[in-house]
Enquirer: 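What follows is a structure written as structure tokens; I'll ask about it next.
Chain A is the first sequence line, chain B the second, and so forth, proteins listed ahead of strands; every chain is numbered from 1. Values below: every heavy atom of this structure, side chains too, minus hydrogens, waters and symmetry copies.
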Amino acid sequence: MDYSSSNLFVQMGEWLSDPVNWSGSRGIPMRVLEHLGYVGLTMLIACAIAIPLGLFVGHTGRGRVLIVSGIGILRALPTLGMVFLFALLFYRGVLPSVWALVLLAVPPVLSGVYAGISSVNRTVVDAARSMGLTERQILFRVEVPNGLQVMIGGVRAGILQVVATATVVAYAKADGLGVFLVEGTQINDNGRLFGGAVIIAVLAIAVDGLMALIQKFAISPGLRAQQPPAGPLKESGRQEAVASAQGGTT
Amino acid sequence: MTSLEQSSGPLPMIRFNGITKTYDGGRPAVDDLSMDIDRGRITVFVGPSGCGKTTSLRMINRMVEPTSGTILLDGQDVALQKAAELRRSMGYVMQSSGLMPHRSVIDNIATVPRLNGVPRAEARARATELLDVVGLASELGRRYPGQLSGGQQQRVGVARALAADPPVLLMDEPFSAVDPVVRAELQEELLRLQRDLAKTIVFVTHDIDEATILGDKVAVFAVGGRLAQFAAPEEILRAPVDDFVAGFVGRDRGFRHLSFQQGDHVTVHPIETIEVDQLADPTVSVRSAWTLLVDADGRPHGWVPQATRGSIATQADAVPGGSLYTRGDTLRRALDAALSSPSGLGVAVDDDGRAIGVVRAAEVFELIERARLDRGRADHNTAV
């Protein structure tokens, strides 16, 4: 593509405003949909693994040490490296990338769910048990609604990281918003490279805004009416979520 | 404790049978506890911290499992019942209200009926009634627990425990986290409720005063989970079985014991009164050393000393009065009225709060002395 200037921002603006880039199977809208598809699939798998595990550990307190160290190990894994490893070990295509992204998404979701459940005031749980709620009822009627703020925070952090990192899919298969980055680098098209990056950033902010909205409406007004009791776990859970959210966007 | 083998009288609501609870092989938290808890009465477990009173309470609804021994609820071993169902058959009130912060007050109260399958509308209607029963405005039902004061939360806690109309209420230091004024109010309300409901209430407290106010029977626990004395509060104050109980009951026990002696025979003497309206009129003089200031309805509002009558023109200038003694109240109230009054004369009022005269401390003491002699004779007679 020919640009009228060598200025990066001018090039980016021209690339973004070129109608050719906004249509067809290789256009921006299609790439956004593909990208969101991978994010959705990844989060579905990650939640299916992390939420039941987090609920179990949060409620029973069993296996706490195991998941805390497990989360630490998972966080240390480089996602791009995992994409190549899985691609080499299994086959080409999108699935290796999705599994690599799942490994990325599980830690924030798991720690959010676990921290959310264990942050619930033990007195309230004790009272619920004394009144005759079964363990399952305690989990789903008391612990989940009261820990929801922190739990959704974990999912939110996970989504943010995956939206930003799902660009790695493009290394295995020409799919998703990562394509603009890979192509931009290969053909030295800076407008495309930076344009793609901006779209990813905007998408991440939009998705996070949507999650914030969901979080707001899912939380009982009773929990907003007062400051929730500041348990040490809840605080650390929040900081974790914030830290990983920041890690995901940079 | 002594009547365990005798099956005479009605079946106790709750029976502890040789209950011991040991944690990790340490010293027992509850040591070989056997006692019967009367149906429809308030039984108070009282003792210092670490005496096993709360542990004993929590074994009734299996929040704690005993190491050995059995607990019978209405003749049935609780260990054989499903824990969740057993707990739903008893109301439970704890120190911090333990209300679910994410649910409205109404839905908190309706929790157990909803678990038992009562339709939502019906459970909520009943919950709204209960708000009234515990003395809360029905508008509060829509609020969340975080928007209520501590005292209001405790009232909601009591309403929640009553929601499924259980025959047994377990109360674990329910009033100890609220201020003394609210606590006294809640205690009075509980007694009022109990007069109508006649539940079997097991009430844990560390406050001997609360125990003697509320309990039909009081169980004093000693450190190490030993039941030191189990008797009517009057008996515990009058005749503690050992040094531990005597020490725990405290140095005011003689004075507290007066709460159990009716003051029907206290002589009420007439007293000169002056109405508020007459204060500003200097021609109205007083003859007694202390004249009682009353309003148009005859309610007392302090004292007018003869010495300073000239300088008292309004109600605010009068000397504030002491506590009031309602005719027929206990000797403790009568004595307190006399001791707290600046004139040394305790103001007696009728049920409408109108002054009817005064009582004297010396005469209250005479009555106390006479009652003690009578009791001594009675004890002597039964002993023979």
Enquirer: What part of A:Gln137 lies closer than 4.5 angstrom to a heavy atom of chain B: side chain, backbone, both or neither?
Expert: side chain
Enquirer: Would you confirm whether the ring centroid of B:Phe45 sits within less than 6.0 angstrom of the ring centroid of B:Phe221?
Expert: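 Yes, ring centres under 6.0 Å apart.
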Enquirer: Evaluate the side-chain proximity of B:Ser176 to B:His206: yes if any heavy-atom separation is below 4.5 Å, no if none is.
Expert: yes
Enquirer: With a 4.5 angstrom heavy-atom cut-off, could you sort out which part of B:Leu99 is near chain A: side chain, backbone, both or neither?
Expert: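 Only the backbone of B:Leu99 comes within 4.5 Å of chain A.
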Enquirer: Within residues 149-172 of chain B, which residues come under 4.5 Å of chain A, heavy atom to heavy atom?
Expert: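 Residues in range: B:Arg160.
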Enquirer: Can you list the residues of residues 49-78 of chain B that sit under 4.5 Å from chain A, counting heavy atoms only?
Expert: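 Answer by number: B:Arg58, B:Asn61, B:Met63.
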Enquirer: Select one option (side chain, backbone, both, neither) describing which atoms of A:Ile219 are under 4.5 Å from chain B's heavy atoms.
Expert: neither
Enquirer: Just wondering, do A:Arg122 and A:Asp126 contact through their side chains at under 4.5 Å, heavy atoms?
Expert: no
Enquirer: With a 4.5 Å limit on heavy-atom distance, are the side chains of A:Leu41 and A:Val102 in contact?
Expert: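 SC-SC contact between A:Leu41 and A:Val102 ruled out.
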Enquirer: Provide the full list of side chain to side chain donor-acceptor pair (under 3.5 Å) pairs with a residue in residues 78-87 of chain B, sequence neighbours left out, each pair given once.
Expert: none
Enquirer: Suppose we call two aromatic rings close when their centres sit under 6.0 Å apart. Are B:Phe175 and B:Phe203 close by that rule?
Expert: yes
Enquirer: Please report the closest heavy-atom contact between A:Gly132 and B:Arg88, naming both atoms and the distance.
Expert: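 Taking A:Gly132 first and B:Arg88 second, the nearest heavy atoms are O-NE, 2.9 Å.
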Enquirer: A:Leu139 versus A:Ile117: any side-chain heavy-atom pair under 4.5 Å?
Expert: yes
Enquirer: Could you check if a side-chain atom of A:Leu74 sits within less than 4.5 angstrom of a side-chain atom of A:Pro107, using non-hydrogen atoms only?
Expert: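 Of all side-chain heavy-atom pairs linking A:Pro107 with A:Leu74, at least one is under 4.5 Å.
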Enquirer: I'd like to verify something: which residue of A:Leu133, A:Val125, A:Thr134 has the highest number of heavy-atom pairs under 4.5 Å with chain B?
Expert: A:Leu133
Enquirer: Which residue pairs satisfy the side chain to side chain donor-acceptor pair (under 3.5 Å) criterion with at least one member in residues 118-140 of chain B, sequence neighbours excluded?
Expert: B:Asp107-B:Arg124
Enquirer: Looking only at atom types and distance, does a side-chain atom of B:His102 sit under 3.5 Å from a main-chain N or O of A:Arg141, one as donor and one as acceptor?
Expert: yes
